[in-house]
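Read the structure below first, then the notes.
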Amino acid sequence: MITLSPEVQNAMDANQPVVALESTIITHGMPYPQNLETARLVEQEVRDHGAVPATIAILDGQIQVGLTDAQLEQLAQAKGVAKLSRADLAACLATGGTGATTVAATMICAQRAGVAVFATGGIGGVHQGAEESFDISADLQELAQTAVTVVAAGAKAILDLPKTWEVLETLGVPVIAYGQDQLPAFWSRASGIKAPLRMDDAATIARGHHLRGALGLPGGQLIANPIPVDAEIPAATLAPIIAQATADAAKHGISGKGVTPYLLQRIFELTEGRSLDANIALVLNNARLAAGIAAELRKLAQ
Ligand code: PSU
Ligand code: MN
C-alpha cells in the first residue's frame with residue numbers, strides 16, 4: 001500500500017530525520033507554477049536543515065511517501081485532482097485513484113510510514129458561520145488521534161480562530177506557540193489570542209512529542225510557528241479582504257471541500273498576489289523548524 005521513494009527509504013533505513021509534507025497545498029492551495037516552485041523550495045529547505053523531505057500523495061491507488069521531481073511536476077500541473085481527507089483515503093486506494101492529501105490524510109500516511117514530524121502552511125479548522133454550516137475541518141480530529149507533530153503558521157486566518165482553538169482544547173490537542181506568547185494568525189504574527197502553551201526550541205518540542213507517546217496519549221501536537229517578520233501581512237490589512245472573500249464564497253454557493261481553496265484563491269486575487277508570497281515564506285519557515293524537531297526526535301529515539 002505504501003511506497004517510499006528511494007531517498008526516503010534510505011533515510012528511514014539510516015535513522016535519519018524525515019519531514020512529511022502534504023500535497024493539497026500544491027493542488028488546491030496555490031496556483032501553478034508557484035505551487036511547483038514552492039514544493040521544490042520547501043523540499044530543499046528541509047534538506048538544507050539536515051532532514052529528508054517526504055511529500056505525500058496517492059498516485060494510481062498507492063500511497064507515495066516521497067515524490068520524484070517528475071511526480072511532483074505532474075501533480076502540480078494536473079487539473080481536477082481529488083482532495084483527500086481521512087474519509088477519502090481508503091476509497092481512493094480501493095479505486096486505484098490519484099489524489100492530494102490534506103493535513104489529516106498526510107498525518108495518517110506519515111504515521112503509517114514511521115514519520116513523526118510534518119510541515120505545512122496552516123491547518124484547517126472551524127469555518128466562520130460554522131454554527132449554520134457545521135463546516136469544521138477533519139484536520140482537528142486528526143490531531144487528536146494521530147501521533148504526528150504538525151508545524152503550521154497557526155490555523156488559516158480565513159477561519160473562526162477562537163472557535164478553532166476551543167475545539168482543539170476540547171479534543172486535548174496541545175497547541176504550542178513557537179517563540180511568542182500569542183498565537184499567530186497564518187499571514188500575520190499576531191492574533192490577539194494568548195497561546196495555551198509556548199515553547200522556544202526544537203528539543204523541547206521533540207521531548208513533548210516523545211512524552212505524549214510515553215504517557216500512552218494518542219494524537220499529535222500543533223506547533224504554531226509565526227510567519228517571519230519581513231513577510232507578514234498585518235491582520236488589520238487582511239480583515240476586510242477576508243470578509244470580502246467570505247461574502248463572495250457565500251454569494252457563489254461554495255461549500256464543503258471547495259470552501260478553503262476558493263477563499264485562498266480569492267484572497268490571492270484581492271491582495272494582488274501578496275497573500276501567496278506570505279504563504280510561501282511561512283511554509284519555508286515551518287519546513288526549517290520541522291527539520292530541527294525531526295533531528296531532535298531522532299536523538300531521543302536512539
Ligand atoms: N496550508 C496552506 N494551504 C492549504 C492547506 C494548508 O498553506 O491549502 C490545505 C491543507 O491540506 C489543509 C486544507 O488540510 O488546506 C484544509 O482544508 P479544509 O478546510 O477543507 O479541511
Ligand atoms: Mn470543510
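If you read the sequence from its start, that first residue is 1, and numbering goes on from there. First listed ligand is number 1; within each ligand, the first listed atom is number 1. Below, all heavy atoms of this structure are taken into account, side chains as well, without hydrogens, waters or symmetry copies.
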Are any of the N or O atoms of [X] closer than 3.5 Å to those of ligand 1?
| X | value |
| --- | --- |
| T101 | no |
| A104 | no |
| K156 | yes |
| K257 | no |

Among protein heavy atoms, which sits nearest to [atom], and what does the distance come to when rounded to 0.1 Å?
| atom | answer |
| --- | --- |
| atom 10 (C) of ligand 1 | E22 OE2, 3.2 Å |
| atom 19 (O) of ligand 1 | T260 OG1, 2.7 Å |
| atom 21 (O) of ligand 1 | S137 OG, 2.7 Å |
| atom 17 (O) of ligand 1 | K83 NZ, 3.2 Å |
| atom 6 (C) of ligand 1 | G122 O, 2.9 Å |
| atom 12 (C) of ligand 1 | D139 OD2, 3.4 Å |
| atom 7 (O) of ligand 1 | N279 OD1, 3.1 Å |
| atom 2 (C) of ligand 1 | I25 CD1, 3.4 Å |

Quick one: which residue pairs count as a side-chain hydrogen bond (donor to acceptor under 3.5 Å, both in side chains) with a foot in residues 154-174, not counting sequence neighbours? D160-K163
Do any protein N, O or S atoms sit under 2.8 Å from the Mn ion (ligand 2), and which ones are they? D135 OD1
Test applied, side chain to side chain contact (heavy atoms under 4.5 Å, CB included); reference residue, I58; option that passes from V81, D88, I63, T98: I63
Is L217 isolated, or which residues cluster with it under the ILVMFWY side-chain rule of less than 4.5 Å, directly or via members? L215
[X]: numbered ligand 1 atoms lying under 4.0 Å from its heavy atoms:
| X | answer |
| --- | --- |
| F186 | 7 (O) |
| H127 | 19 (O) |
| L264 | 3 (N), 4 (C), 8 (O) |

Quick one: list whatever passes side chain to side chain contact (heavy atoms under 4.5 Å, CB included) with V259, sequence neighbours left out. H127, D135, I254, L263
Taking atom CD of E22 and atom OG1 of T102, what is their separation to the nearest 0.5 Å? 7.0 Å
Is it the side chain (CB and beyond), the backbone, both or neither of V103 that lies under 4.0 Å from ligand 1, heavy atoms counted? both
What part of T102 sits under 4.0 Å from ligand 1 if we count only heavy atoms: the side chain, the backbone, both or neither? both
Positive for side chain to side chain donor-acceptor pair (under 3.5 Å) with R40, one of T55, D69, N35: D69
Is there a side-chain contact between L140 and V126 (heavy atoms, below 4.5 Å)? yes
Side-chain donor-acceptor pair under 3.5 Å between Q34 and T38, yes or no? no
